[in-house]
Engineer: 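I'd like to ask some things about the structure below.
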Amino acid sequence: MKYIIDQRYRLRGWYKSPTGLYDLRTKEARFYTKEDYILLMKCDGTHDIDKDMLSENERHFIEWLEKNGIIREAGFLEYLTKEQEYRTYPARYKKHAHWSITGACNLKCRHCFMSAPHAKHGSPSKEQLLSIVDQLAECGVFTVGLTGGEPLIREDLWEIIDALHEKEIGVSILYTNGWLVDEALLDKLDERKMHPNFQLSFDGVGWHDFLRGVPGAEERTIEALKLLQKRKYNVSISICLHRKNRDSLRETIRLLASLGVRGVKCGSMLELGEWMSPEVQGLQLTRDEQLELFEEYIPQYFEDDAPVSIMMADTLMYTPGDKKWRIHNVRRIPEERESDILSCGVLKNNFYIGADGMVAPCMGMCDCGYSSHFPNLFETPLKEILRDSEYTELTAATVKDIRDHNPECRECKYVDRCTGGCRNCVLMQSDDYYGIDKEVCYFFENGWEERITKAAEEPFRAYLKRNPPKEKADRVIRIEQEEDPYL
């Protein structure tokens, strides 16, 4: 029998990952063993495959491919299209680029770590952005999240989006302050058959204008959320907490849920950029103040029937419909697996491109003291950055690398549940990329794992009685740590 790969899929290889099958619908690749891939490549409409002549493993693989709609019986003289034929890219596989297409913004946010009110990182020309589009396509990066500054202020936004579309690069998420979200914007997305997720910021009922620095920002954001709800867009929200708005958390999340928001991340600000200004000194929550705030809110969250998916920085993460919640800081990696698990799994398939061309593991690192170590694609081609470079070594740091670099970790009684913390947070504390996140040490050493667990256990049990878990949760959006430009 002759099989053929469904037109949804394409045979692709990346540097050091040559056995990929790219899915046009999900915009990501699945990788197979060399032996399985050779068999998959024979599903091209030209090779006869006799299941009786296959090994047991090969037969199971073919049956699995067929069951999942990846292959089917080929029609008469039906062959792979030119686009489906095997092609390689000269860079390591990266699924997603978080891309600042401008360093400027139309608001004056008091906490902006990249100082967008002053366009500290500049705003690239249209020609520079189009060059980046070409480089993303050359490297086989097929989804981007557009951010800024404020991406919607660019007059050439649609030229950039159309260039991405021409290269089959999907815009999976738009990060915006919401001021310029209107019917015209969504109509233009509809014209292009695009329906990206949106992430907005909302910094507390009655307090949003204060942090955003422009009167009317709160009203405009609420109107944007109503419009996105009407047009059936998935929306997530970032909440930046400080001493003025901390008492508004429950009211804020209730409001957001009523406006169709499906996921919320909340935490305090990075002490960089505008947040270092004297006018906001004293507003940053201390470590204990933030943790105490979450400890107080967690029971309220479950009493309100978990109205949104949530990630509270360092503490509780939960998606409605799931059977369990978890603590963000707790990662149980046994010693025998520490060399196989990345210190930050997010960095494996994602990276950040700054408005100034800097390529960093994540956006929060764009203005730290270590940023001089990161390459710039206006100077070094992206295909070189994403091959064998200091950058790729950093993003490939394993739990073992962190524990070996910090011998005290191996002696710590919390080593069974801690992997050294967030690399972004580490670089906020020192210039040692492989160092220890002292805030995570504080979390464990001061009993916060136990306190958060105690705060969540009984309310969660009561919540599950009212809302029995489902196999597949509906109306939820899972929060991914790397996608947040503030936390």
Side-chain angles (χ1 to χ4, degrees), residues 98 111 113-114 238 240 265-273 275-276 284-288 290-291 311-315 317 327-333 338-352 354 358-375 389-446 448-449 479-487:
H98 186 186
H111 68 304
F113 66 85
M114 59 188 300
S238 171
C240 292
K265 286 187 274 191
C266 44
S268 56
M269 280 72 79
L270 297 177
E271 296 188 68
L272 293 170
W275 199 242
M276 298 299 290
Q284 181 81 353
L285 295 173
T286 67
R287 187 82 172 119
D288 280 334
Q290 177 173 289
L291 292 168
M311 186 177 87
M312 302 178 210
D314 300 337
T315 57
M317 296 180 67
I327 295 177
H328 181 254
N329 272 342
V330 177
R331 293 182 68 203
R332 298 184 183 275
I333 308 298
E338 63 180 21
S339 61
D340 302 320
I341 305 296
L342 294 180
S343 168
C344 178
V346 166
L347 305 185
K348 179 180 180 181
N349 293 327
N350 302 272
F351 64 104
Y352 170 69
M358 180 179 66
V359 176
C362 71
M363 188 178 190
M365 298 179 182
C366 72
D367 210 18
C368 66
Y370 196 84
S371 60
S372 61
H373 290 260
F374 299 136
S389 65
E390 180 183 1
Y391 170 82
T392 56
E393 286 183 14
L394 293 175
T395 60
T398 66
V399 173
K400 184 178 188 303
D401 292 332
I402 304 303
R403 290 175 178 173
D404 285 349
H405 186 76
N406 304 281
E408 62 269 38
C409 286
R410 296 199 178 277
E411 303 300 321
C412 178
K413 66 179 181 179
Y414 302 107
V415 70
D416 67 324
R417 67 200 74 180
C418 176
T419 57
C422 169
R423 297 304 93 199
N424 183 45
C425 293
V426 167
L427 294 182
M428 291 290 297
Q429 303 162 27
S430 74
D431 288 337
D432 183 1
Y433 184 89
Y434 295 90
I436 301 171
D437 183 352
K438 295 295 185 181
E439 292 194 352
V440 177
C441 299
Y442 185 93
F443 180 86
F444 286 113
E445 291 170 357
N446 288 273
W448 279 105
E449 181 186 9
I479 301 296
E480 297 296 337
Q481 182 183 5
E482 83 283 7
E483 292 183 346
D484 188 79
Y486 297 110
L487 302 182

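Excluded from the calculations below are hydrogen atoms, water molecules and symmetry mates; all remaining heavy atoms, backbone and side chain alike, are included.
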Engineer: In Å, rounded to the nearest 0.5 Å, how long is the span from OG1 of T395 to CG of N350?
Structural biologist: 10.5 Å

Engineer: For D401, which residues count as a salt bridge (Lys or Arg N to Asp or Glu O under 4.0 Å) partner, sequence neighbours excluded?
Structural biologist: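 Partners of D401 under the salt bridge (Lys or Arg N to Asp or Glu O under 4.0 Å) test: none.
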
Engineer: Could you please spell out the steps behind the side-chain contact (heavy atoms from CB on, under 4.5 Å) verdict for L285 and M269?
Structural biologist: CA-CA 9 Å; L285 295 173; M269 280 72 79; over 6 Å; no

Engineer: For the pair Q290 (side chain) and S268 (backbone), establish whether a donor and an acceptor sit closer than 3.5 Å, ignoring hydrogens and angles.
Structural biologist: yes

Engineer: Let me confirm one number: the CE-CG distance from M276 to L270, rounded to the nearest 0.5 Å.
Structural biologist: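 Nearest 0.5 Å value for the CE-CG distance: 11.5 Å.
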
Engineer: Going by side-chain contact (heavy atoms from CB on, under 4.5 Å), name the residues that satisfy it together with E408, two or more places apart in sequence or in a different chain.
Structural biologist: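 Listed in chain order: N406, I436.
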
Engineer: For L272 and D367, work out which heavy atoms get closest and say how close.
Structural biologist: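 Minimum heavy-atom contact is CD2-O, 4.0 Å.
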
Engineer: Got a sec, which residues hit salt bridge (Lys or Arg N to Asp or Glu O under 4.0 Å) with D288, two or more places apart in sequence or on another chain?
Structural biologist: none

Engineer: Applying salt bridge (Lys or Arg N to Asp or Glu O under 4.0 Å), name anything that partners R423, two or more places apart in sequence or on another chain.
Structural biologist: none

Engineer: Quick check: closest heavy atoms across T315 and F443, and the distance to 0.1 Å?
Structural biologist: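 Looking at all heavy atoms of both residues, the shortest contact is CG2-CE1, 4.0 Å.
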
Engineer: Which heavy-atom pair separates R287 from D314 by the least distance, and what is that distance?
Structural biologist: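 Distance-wise, the nearest heavy atoms are NH1-OD2, 2.7 Å.
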
Engineer: Please name all residues satisfying side-chain hydrogen bond (donor to acceptor under 3.5 Å, both in side chains) with N349, sequence neighbours left out, ordered by chain then number.
Structural biologist: none

Engineer: Taking the side chain as every heavy atom from C-beta outward, state whether V415 and E338 have any atom pair closer than 4.5 Å.
Structural biologist: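 No. Closest side-chain heavy atoms not under 4.5 Å.
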
Engineer: If every non-hydrogen atom of Y352 is compared with every non-hydrogen atom of H98, which pair is closest and at what distance?
Structural biologist: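 Result for this residue pair: CD1-O, 3.0 Å.
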
Engineer: With sequence neighbours left out, write down each residue that passes ring pair (Phe, Tyr, Trp, His ring centres under 6.0 Å) with F351, or none if nothing qualifies.
Structural biologist: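 By the ring pair (Phe, Tyr, Trp, His ring centres under 6.0 Å) rule, F351 matches no residue at all.
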
Engineer: Can you name the closest pair of heavy atoms from A313 and G267 and give their distance?
Structural biologist: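 It is CB-CA, 4.0 Å.
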
Engineer: On a heavy-atom basis, which atom in C366 and which in M358 lie closest, and how many Å separate them?
Structural biologist: CA-CE, 3.1 Å

Engineer: Distance check, rounded to the nearest 0.5 Å: T392 atom OG1 versus L347 atom CG?
Structural biologist: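 The OG1 atom of T392 sits 12.0 Å away from the CG atom of L347.
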
Engineer: Can you tell me how far the CE atom of M365 sits from the SG atom of C422, to the nearest 0.5 Å?
Structural biologist: 6.5 Å

Engineer: What residues, two or more places apart in sequence or in another chain, satisfy side-chain hydrogen bond (donor to acceptor under 3.5 Å, both in side chains) together with E271?
Structural biologist: none

Engineer: Kindly write out the residues that satisfy ring pair (Phe, Tyr, Trp, His ring centres under 6.0 Å) with F374, not counting sequence neighbours, or none if the list is empty.
Structural biologist: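 Only Y370 meet the ring pair (Phe, Tyr, Trp, His ring centres under 6.0 Å) criterion with F374.
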
Engineer: Going by the rule side-chain hydrogen bond (donor to acceptor under 3.5 Å, both in side chains), which residues pair with R332 if we only count those two or more places apart in sequence or in a different chain?
Structural biologist: none

Engineer: List the residues meeting side-chain hydrogen bond (donor to acceptor under 3.5 Å, both in side chains) with Y414, not counting sequence neighbours, and say none if there are none.
Structural biologist: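 Scan of Y414 (side-chain hydrogen bond (donor to acceptor under 3.5 Å, both in side chains), adjacent residues dropped) gives none.
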
Engineer: Is any side-chain heavy atom of I327 closer than 4.5 Å to a side-chain heavy atom of E449?
Structural biologist: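 Yes, at least one pair of side-chain atoms sits under 4.5 Å.
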
Engineer: For R331 and S343, indicate whether the former's side chain and the latter's backbone hold a donor-acceptor pair under 3.5 Å.
Structural biologist: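 Present.
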
Engineer: With heavy-atom distances below 4.5 Å as the criterion, would you say the side chains of V346 and C362 are in contact?
Structural biologist: no

Engineer: Going by the rule side-chain contact (heavy atoms from CB on, under 4.5 Å), which residues pair with S372 if we only count those two or more places apart in sequence or in a different chain?
Structural biologist: none

Engineer: Just so I know, are the side chains of K413 and F444 near enough to count as touching, which here means a heavy-atom distance under 4.5 Å?
Structural biologist: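 Contact flag for K413/F444 side chains = no.
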
Engineer: I need the R403 CZ to E411 CD distance, nearest 0.5 Å.
Structural biologist: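 Rounded to the nearest 0.5 Å, the CZ-CD separation comes out at 12.5 Å.
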
Engineer: Nearest 0.5 Å please: distance from the CD1 atom of I333 over to the CD1 atom of I341.
Structural biologist: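 Going from the CD1 atom of I333 to the CD1 atom of I341 covers 5.0 Å.
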
Engineer: For residues 425-433, which side-chain donor-acceptor pairs fall under 3.5 Å, sequence neighbours excluded?
Structural biologist:
{"unit_1": "Q429", "atom_1": "OE1", "unit_2": "K438", "atom_2": "N", "d": "2.9"}
{"unit_1": "Q429", "atom_1": "NE2", "unit_2": "C425", "atom_2": "O", "d": "3.2"}
{"unit_1": "Q429", "atom_1": "NE2", "unit_2": "D437", "atom_2": "OD1", "d": "2.8"}
{"unit_1": "S430", "atom_1": "OG", "unit_2": "D432", "atom_2": "N", "d": "3.2"}
{"unit_1": "D432", "atom_1": "OD1", "unit_2": "H405", "atom_2": "NE2", "d": "3.2"}
{"unit_1": "D432", "atom_1": "OD1", "unit_2": "Y434", "atom_2": "N", "d": "3.1"}
{"unit_1": "D432", "atom_1": "OD2", "unit_2": "H405", "atom_2": "NE2", "d": "2.8"}
{"unit_1": "Y433", "atom_1": "OH", "unit_2": "L394", "atom_2": "O", "d": "3.2"}

